[in-house]
Amino acid sequence: MPEPVLSVSGLNAYYGSAQALEDVSFEMGAEPVAIVGRNGMGKTTLCNAIMGFAPPQATGSIRFHGAEIIGRQPYRVAGLGIGYVPQGRRLFPSLSVDEHLRMIRGRSEDVGRRWTPAAIYELFPRLAERRRNGGAQLSGGEQQMLAIGRALLTNPKLLIMDEPSEGLAPAIVENLIDVFRTLAQEGLGLLLIEQNLGVATALAQRQLVMVAGQIFTETTADILSSDPEAQRRYLGVEPLAER
Amino acid sequence: MRIQRLARYAALGLAAGTVAFMVIWVLFIGRGTNFGSAVHNPKDFLITLLNGITAAALYFVVASGFTLIFGLMRVVNMAHGAFFLLGGYIALTLQRRWVGQGGGFGLTSEQVNLTNWILPALIGAALVGLVGVAMQQTLLRWNQGQELRQALITIAISIIAADQMLAHFGGVAEDVAWPHKLDQFDNLHVSGIIYTRTRLFILALALVIGALLWVWLKRTRIGMVIRAGVDDRQMVSGLGINIQLTFAIAFFVGSALAGFGGVIGGSFASLAPGVDGNWLLNSLVVVIIGGMGSLGGAAVGSLLLGLTTNFASAYLPSNYTYYSIIFTFVLLAIVLAVRPLGLFGRPA
């Protein structure tokens with residue numbers, strides 16, 4: 001078996017004395033993985049712990065291509081090749097679209113850089129039309145494109161996306177799913193955090209269900225999509241068939 | 001809700017009324033003042049206006065450094081005034097070492113050429129910049145996000161620095177000598193005004209510094225990172241950018257501006273114990289008016305403060321000029337009544 005891309009084991013995370021993650025362990029290789037679960041189950045905390053954002057206070061082990069990254073500065077984590085698309089996009093209101101892309105230099109070790117601002121504009125032509133606009137003046141879909149483009153510019157090996165479909169119109173979500181599929185085919189690792197089961201199952205066969213700060217179970221997209229009872233129980237969502 | 005809205009309108013009305021009255025007073029009434037109203041005596045009005053603008057120029061140089069550091073790092077650097085004084089004293093020491101001690105009142109401008117002013121000023125600014133970075137790296141960095149601790153640490157630094165400077169440089173007011181070429185008067189050919197060249201020089205310096213800062217923040221990659229860091233520094237870090245390095249650069253520039261302002265202030269007025277506190281207060285007032293962390297806010301805040309202090313002392317009835325300092329607080333009250341976060345302020 002090849003070395004895992006991301007390997008999390010025994011991860012605990014605390015906000016002060018409140019525990020938000022409890023003994024989280026999973027591994028992922030090159031294929032996409034989705035982590036699904038309801039609000040407040042610790043999905044974003046997991047992202048923060050991986051990226052090295054504090055709080056939370058994280059203990060345990062997170063290995064990326066074999067290197068321990070827990071406790072490292074966020075810029076070092078990103079520098080190793082983890083791109084992050086946060087929940088709520090977190091664009092910079094003071095910067096224009098173009099400046100969002102130009103401020104990132106990318107990983108220094110890259111010789112043939114896959115992603116440049118020009119390549120991002122090619123991937124998302126909408127952004128090229130809006131290059132002078134401020135980050136806050138964009139529509140939800142454009143904001144998400146910019147957040148993804150910004151993360152891609154770091155030339156990551158693994159892209160972590162926290163609720164990328166949140167608040168977007170269905171047509172735009174379909175569009176993004178196509179983009180993610182293309183990226184995955186190019187060999188980019190995808191770790192998708194989602195509440196929207198339709199998006200999660202469309203992109204990843206492996207589904208990790210998070211409940212109350214723990215990985216409750218691992219299942220597959222096929223099983224999860226055909227089990228309305230499980231969907232209701234784990235995710236508190238209406239079954240897929242009614243979508 | 002209704003009462004709140006009424007109170008807000010009342011505050012706005014009161015602010016607008018006060019401003020309108022002050023403008024009308026200066027322009028048309030001016031009863032009992034030294035100069036009389038502006039329509040009656042345009043020359044002294046224009047001189048007061050120029051004094052206000054050139055005073056604002058120095059406020060801006062100092063406060064722009066203060067607001068840069070605050071905007072990016074949320075550090076209220078209470079040692080900013082001490083940095084101002086330190087920059088002035090370093091330049092003073094260097095100038096006297098190179099030119100000589102001068103007579104009983106220090107050097108006169110006849111003995112000083114341009115290089116003897118510019119070089120000490122630049123070295124003073126750079127050294128203060130390094131002191132600022134050293135303070136940030138050794139004392140502030142491991143207290144990041146703990147705003148109260150950082151404020152207390154910088155207050156401690158400013159007190160220690162003030163005592164050390166008192167011990168080394170004494171308690172007598174001294175000033176850096178302007179170069180002879182600048183210590184002149186220019187005929188502006190407007191209402192026959194003859195104006196000091198040094199004040200115009202300060203204005204030119206402030207414009208150049210403002211333009212350089214603007215280009216740096218708007219057009220360079222580091223400037224983009226700084227602006228992004230003001231918005232969300234954690235996210236900047238999550239994009240693989242070493243924000244700590246950016247913090248150090250911003251702290252260097254911000255502190256160096258305080259030091260450079262100290263050289264200008266020490267030439268324009270003088271260096272003495274207590275000047276540090278005044279300039280910390282000036283910087284605080286400017287950024288509270290303009291909005292913390294905004295360069296444009298620092299410019300507008302400086303202008304308002306400079307004009308207010310100068311017009312208040314020139315256009316109060318002559319028996320009351322002693323009270324002109326109050327108008328600084330009137331200005332603060334008016335701005336905060338209308339814009340509680342300052343004119344260009346945004347919620348943190």
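Chain letters run A, B, ... following the sequence lines, proteins first, then strands; residues in each count from 1. Since the model is a prediction, treat every value here as computed from it, not as a measurement.
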**OP:** Check B:Gln234 against A:Phe53 and note the closest heavy-atom contact, atom names and distance.
**Re:** NE2-CB, 3.1 Å
Original post:
Roughly how far apart are A:Tyr84 OH and B:Met235 CE, rounded to 0.5 Å?
Top reply: 7.0 Å
Original post:
Quick one: do B:Lys218 and A:Glu99 make a salt bridge, cutoff under 4.0 Å?
Top reply: no
Original post:
For B:Val230, is it the side chain, the backbone, both or neither that has a heavy atom under 4.5 Å from a heavy atom of chain A?
Top reply: neither
Original post:
What closest approach, in Å, do A:Ala78 and B:Leu239 show between heavy atoms, and which atom pair accounts for it?
Top reply: CB-C, 3.9 Å
Original post:
What do you reckon, is CD of A:Glu122 surrounded by more than 12 foreign heavy atoms closer than 6.0 Å?
Top reply: no
Subject >> A:Arg131 atom CZ: more than 12 heavy-atom contacts under 6.0 Å >> reply: yes
**OP:** May I ask you to name which of A:Ser94, A:Pro86, A:Ala151 has the most heavy-atom pairs under 4.5 Å with chain B?
**Re:** A:Ser94
Subject >> Closest contact, heavy atoms only, A:Arg90 versus B:Asp232 >> reply: NE-OD2, 2.8 Å
Original post:
With a cut-off of 6.0 Å (strictly less than), are more than 12 heavy atoms of other residues, nucleotides or ligands near CD of A:Gln57?
Top reply: no
Subject >> Minimum side-chain heavy-atom gap B:Met224-A:Arg102 below 4.5 Å >> reply: yes
Original post:
If you tally heavy-atom pairs under 4.5 Å against chain A, which of B:Gly240, B:Ser237, B:Gly238 wins?
Top reply: B:Ser237
**OP:** Kindly compute the distance separating CG (B:Asn242) from CD (A:Gln73), expressed to the nearest 0.5 Å.
**Re:** 7.5 Å
Original post:
How close do A:Leu95 and B:Arg227 get, heavy atom to heavy atom, and via which atoms?
Top reply: CD1-CB, 3.6 Å
